[in-house]
Amino acid sequence: MTHRTEMREVKLGAIAAIVRGVSFEKHEASSVEVPGTLPVLRAGNIQEELLVDRDLVWVPRTRVSSDQLFRRWDIAIAVSSGSAGLVGKTAQLRADWAGSVGAFCAIVRAGPDVEPEFLALWLRSNVFTAWRLAQARGSNIQNLSVRQLALFPMALPGRAEQARICRMVQASLVEIREGVRISGRGRMQAATLERALIDSAFRVEAQGPIVRLQEVSEIRSGLTKGRKIAGPAAERPFLRAGNLGNGRLDLSEIKTTPATDDEAKRYRLETGDVLLVEGSGSPSRLAQGWVWEGQLDDCLHQNHVFRVRPDKDRVEPHYLAWMLQSSVARDYFLSAGKTTSGLNTINRTQVGAMPLRLPPVVEQRAAVEALSGQVDEARQLAHVWDDAHNRLERMRTALFDQAIRGEI
């Protein structure tokens, strides 16, 4: 039977201190510890747990007041970000640590009337998530002010009941965390299996002549958004790097761009085109992509997307797309690409110079059929683990919601 307790209505500011993060000048910050400095955390350090051992910024001790120094059981909260989903994200410090948070974050410190862990449950609940999404404001940067946070409405049982609820929650979380760990390991194993299947299909010992990609395909970059347009133009679908994944296309959000008839003729995608990412902040995204199968009429492509149009008498498009996901291809692009200001890029010459081994087309088709079936099975296994992981996450949030309602 569900246990239910009596609650009293309070505002967050009445039962907890909300401490602003540390402000400092850019020239004062260091990525390494130097004498006379203290570490501060950024929003990226606020994950499932508070990450205090990586991605730190070191600032002069004189910038950090005594109130701004973390105390065990303090809760870090992101209060400003370009991502609305990050604003309001929290994690609790569960051990002693000498440091603070930066200006885009704040510290919530429980007062004498609230168990710190019970307060942390409130700030991880769906109730708080819905409230802070309604509060966040800003054109490009989403903000949640300290004053807004102080007005967040809560319900509290007595301190002893809070402690009991927290004990019940922690006991349940042990099982949920073990399930999350197992599902995470299963997802990694499924991903490893998929990579192994692809690498096996394109092993170095495979038969067939080695050619350069440019010898068997036409390679073209796409349209630059914001370019000067000469002549009448119409809005047309526009495939961006964000639409490309490894072995898939994500067409859930398609942008448009004005283009003339001549531009449309030059940059229109055709069924069988293989699409690759030209540049990304992540090296692993370099040259990711898949086959265009005519999902949209009159669809063009961005300049950050290479369109590789293979000679179908010599290259089966899906064979090429699978081969580009192999470790041999990944290693080639990582070594051929360059990094400038944190952006990893490859150019058309480098793409065209990539060597590939080509057996006869009939063998390529047979390899595609066999590999597609095997990879589908690996991905189905990954989906099973993803579903299990998502169910566990929903259980965790539901547990927090039950806890704050006093129904445990």
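No side-chain donor-acceptor contact under 3.5 Å links R132 to the backbone of L144. Looking at T37, its side chain never comes within 3.5 Å of a backbone N or O of E33 through a donor-acceptor pair. Between the R227 side chain and the T224 main chain, a donor and an acceptor come within less than 3.5 Å of each other. Judged by distance alone, with hydrogens and angles left aside, the side-chain atoms of E218 form no donor-acceptor pair with the main-chain N or O of V308 at under 3.5 Å. No donor-acceptor pair closer than 3.5 Å links the side chain of R124 to the backbone N or O of T397. Using a distance-only test at 3.5 Å, with no hydrogens or angles considered, no donor-acceptor pair links the side chain of T90 to the main chain of A76. No donor-acceptor pair closer than 3.5 Å links the side chain of S23 to the backbone N or O of A103. Formation of a donor-acceptor pair under 3.5 Å by the D199 side chain with backbone atoms of S327 is found in this model. One N or O on the side chain of Q364 and one on the backbone of P359 form a donor-acceptor pair closer than 3.5 Å. Here the side chain of Q92 pairs a donor or acceptor atom with the backbone of P116 at under 3.5 angstrom.
For E293, the CD atom is densely surrounded, since the number of other residues' heavy atoms within 6.0 Å is greater than 12. Around the CZ atom of R20, the shell of radius 6.0 Å holds no more than 12 heavy atoms that belong to other residues, nucleotides or ligands. Around the CZ atom of R348, the shell of radius 6.0 Å holds no more than 12 heavy atoms that belong to other residues, nucleotides or ligands.
When all heavy atoms are compared, the tightest approach of A259 to L223 is CB-CD1, 4.2 Å. The minimum heavy-atom distance linking A403 with I165 is given by the pair CB-CG2, 3.6 Å. Here the closest heavy-atom approach between residue T256 and residue K225 is recorded as O-NZ, 3.2 Å. Taking all atoms of both residues into account, the shortest heavy-atom contact from W97 to L56 is CZ2-CD2, 4.4 Å. Contact detail for V180 and E393: the closest heavy-atom pair is CG2-OE2, 4.2 Å. In terms of heavy-atom proximity, L356 sits nearest to L320 at CD1-CD1, 4.1 Å.
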Stepwise, does the salt bridge (Lys or Arg N to Asp or Glu O under 4.0 Å) test hold for E253 with K255?
CA-CA 7 Å; E253 183 182 13; K255 302 288 188 179; 3.1 Å; yes

F70/I75 under side-chain contact (heavy atoms from CB on, under 4.5 Å): CA gap, chis, key distance, verdict:
CA-CA 9 Å; F70 262 119; I75 300 164; over 6 Å; no

Run the numbers on E178 and R181 for salt bridge (Lys or Arg N to Asp or Glu O under 4.0 Å), then give the verdict.
CA-CA 5 Å; E178 177 62 12; R181 186 189 67 80; 2.6 Å; yes

Run the side chain to side chain donor-acceptor pair (under 3.5 Å) check on T192 and Q189 step by step: do they pass?
CA-CA 5 Å; T192 300; Q189 290 173 340; over 6 Å; no

Taking it one step at a time, do M154 and F128 satisfy side-chain contact (heavy atoms from CB on, under 4.5 Å)?
CA-CA 9 Å; M154 304 169 60; F128 179 71; over 6 Å; no

Between D250 and N243, does the side chain to side chain donor-acceptor pair (under 3.5 Å) criterion hold? Intermediate values first, please.
CA-CA 5 Å; D250 179 1; N243 297 117; 5.6 Å; no

Show your working on side-chain contact (heavy atoms from CB on, under 4.5 Å) between L251 and L239 and close with a plain yes or no.
CA-CA 8 Å; L251 306 183; L239 208 68; 3.7 Å; yes

For the pair C105 and I46, evaluate side-chain contact (heavy atoms from CB on, under 4.5 Å) and give the outcome as yes or no after the intermediate values.
CA-CA 10 Å; C105 301; I46 304 174; 4.1 Å; yes

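For an aromatic pair to be called close, the ring centres must be under 6.0 Å apart, and W290 with W322 satisfies this. Aromatic pair F400/W122: ring centres not closer than 6.0 Å.
Judged purely by distance below 3.5 Å, without hydrogens or angles, the side chains of E369 and H318 never pair a donor atom with an acceptor atom.
With a 4.5 Å cut-off on side-chain heavy atoms, V361 and V315 do not count as touching. In this structure, H389 and L392 have side chains that are not in contact, with every pair of non-hydrogen atoms separated by 4.5 Å or more. Looking only at side-chain heavy atoms (C-beta outward), L197 and Q374 come within less than 4.5 Å of each other. For the pair P310 and Y319, the minimum side-chain heavy-atom distance is 4.5 Å or more. Contact check for F333 versus M354: side-chain heavy atoms found under the 4.5 Å cut-off. With contacts defined as side-chain heavy-atom distances shorter than 4.5 Å, the pair I107/S100 qualifies. Between L38 and L69 the shortest side-chain heavy-atom distance falls below 4.5 Å. In this structure, F24 and W58 have side chains that are not in contact, with every pair of non-hydrogen atoms separated by 4.5 Å or more.
Electrostatic pairing of E48 and K89 does not count as a salt bridge here, judged by no charged N lying under 4.0 Å from a carboxylate O. Classification of E175 and R177 as a salt-bridged pair fails, no side-chain N sitting under 4.0 Å from a carboxylate O. Remark: R268 does not engage D297 in a salt bridge, criterion side-chain N to carboxylate O under 4.0 Å. Ionic pairing of R307 and E278 is not present here: no N-O contact between side-chain nitrogen and carboxylate oxygen is shorter than 4.0 angstrom. Taking the charged nitrogens against the carboxylate oxygens, R164 and E161 do have a contact shorter than 4.0 Å, which makes a salt bridge.
We find the CG-CG distance between L324 and L213 to be 7.0 Å, quoted to the nearest 0.5 Å. In this structure, CZ in R72 is found 10.0 Å from CZ in R94, a value given to the nearest 0.5 Å. Taken to the nearest 0.5 Å, the CG atom of L275 stands 12.0 Å off from the CZ atom of F306. The distance from atom CG of D261 to atom CG of D298, rounded to the nearest 0.5 Å, is 8.5 Å. The structure places CZ of R220 at 7.5 Å from CZ of R309, a figure rounded to the nearest 0.5 Å.
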